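Read the structure below first, then the notes.
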Amino acid sequence: MDIRKIDDTISVAPQIAYADVAEAARLGFKTLVANRPDQEEFGQPAMADIEAAARENGMEWVYMPVQSGNVTDADVDRFGAMIRDAEKPVLAFCRTGTRCTVLWALNAARTTPAQEIFTKASSAGYDMSGLAPRMAQQSENQ
C-alpha cells in the first residue's frame, strides 16, 4: 500500500487491496473513501469487499466514484462536503491516487492559496499545476 499524506486530514493512495484495509485502520485512518468506480478495470478488487473490510475494521466507508479524467464541479462539491463531515484522518483511493488529489485540490482552492495546494500535492508526488486555471475558477466562485 502506497499511502501519500497530503495534510493531517487526508492522505491518498493508488488502488488498495482487501488486506490493506486492516493496515490503514491500524495506522489510524478513520474514514476510507473510494473515488474509483467498481469494475473500472478488469481484476481490480470489488468495492463491496473493501467496504466489508472497512466496516470490519471500524472505519467509516464512503463510496464516491468519479470518472477518470472527468472530475465535475458536482464531484468537487460532494468531496468537499465529505471531507468537512468525515471522521479524520481520511484515506482516499483510486487507480493511482491522482483523481483523489484532483478532488482535494479543487475543493481546497476554494479557501487555500494555489501555491500551498501545489506544494502539498507535490510533496505527495502529484503535479497539480495543470489545474491552475480551474483552481482559480473554484476560488472565484466562492
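Everything numeric in this text was worked out from a predicted model, so none of it was measured. Position 1 is the first residue of the sequence, and the numbers go up from there.
- Here the closest non-hydrogen pair linking Pro45 and Asp38 is O-OD1, 4.0 Å.
- Ile117 belongs to a hydrophobic cluster with Ile6, Ile10, Val12, Val33, Val62, Met64, Val66, Val71, Val76, Phe79, Met82, Ile83, Val90, Val102, Leu103, Trp104, Leu106, Phe118, Tyr126, Met128, Leu131, Met135, counting contacts under 4.5 Å between side-chain heavy atoms of Ile, Leu, Val, Met, Phe, Trp and Tyr, direct or through other members.
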Could you walk me through whether Ile50 and Asp20 satisfy the side-chain contact (heavy atoms from CB on, under 4.5 Å) test, starting with their C-alpha distance in whole Å, then the side-chain angles of each, then the deciding distance to 0.1 Å, before giving a yes or no? CA-CA 9 Å; Ile50 296 175; Asp20 294 331; over 6 Å; no
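- Counting non-hydrogen atoms of neighbouring residues, nucleotides and ligands closer than 6.0 angstrom, the CZ atom of Arg95 reaches no more than 12 such neighbours.
- Residues passing the side-chain hydrogen bond (donor to acceptor under 3.5 Å, both in side chains) test with Asp75 are Thr72, sequence neighbours excluded.
- Residues meeting the side-chain hydrogen bond (donor to acceptor under 3.5 Å, both in side chains) test with Lys30, sequence neighbours left out: none.
- Without hydrogens or angle criteria, Asp7 side chain to Thr9 main chain gives a donor-acceptor distance under 3.5 Å.
- Between the side chains of Tyr18 and Glu51, no donor-acceptor pair of N or O atoms lies under 3.5 Å.
- You'll find the side chain of Arg36 reaches within 4.5 Å of the side chain of Met47, heavy atoms only.
- Here the side chain of Asn57 pairs no donor or acceptor atom with the backbone of Ala54 at under 3.5 angstrom.
- Of the N and O atoms on the side chains of Arg110 and Gln138, at least one donor lies less than 3.5 Å from an acceptor on the other residue.
- Side-chain N or O atoms of Gln44 include one that pairs as donor or acceptor with a backbone N or O of Pro37 at under 3.5 Å.
- Checking side-chain atoms of Lys5 against main-chain N and O of Ile3 turns up no donor-acceptor pair under 3.5 Å.
- Within the 3.5 Å criterion, the main-chain N or O of Cys94 finds no donor-acceptor partner in the side chain of Asn35.
- The two atoms that bring Cys100 and Ala92 nearest to each other are SG-C, 3.6 Å, heavy atoms only.
- Thr31 places no side-chain N or O within 3.5 Å of a backbone atom of Lys88 that could act as its donor or acceptor partner.
- Within 6.0 Å of atom CG in Asn70, more than 12 heavy atoms from other residues, nucleotides or ligands are found, so the atom counts as buried in its surroundings.
- Closest of all the heavy-atom pairs between Ser68 and Glu40 is CB-OE2, 4.0 Å.
- Remark: Phe93 CZ to Arg4 CZ distance equals 15.0 Å, nearest 0.5 Å.
- You'll find the side chain of Met59 reaches within 4.5 Å of the side chain of Val21, heavy atoms only.
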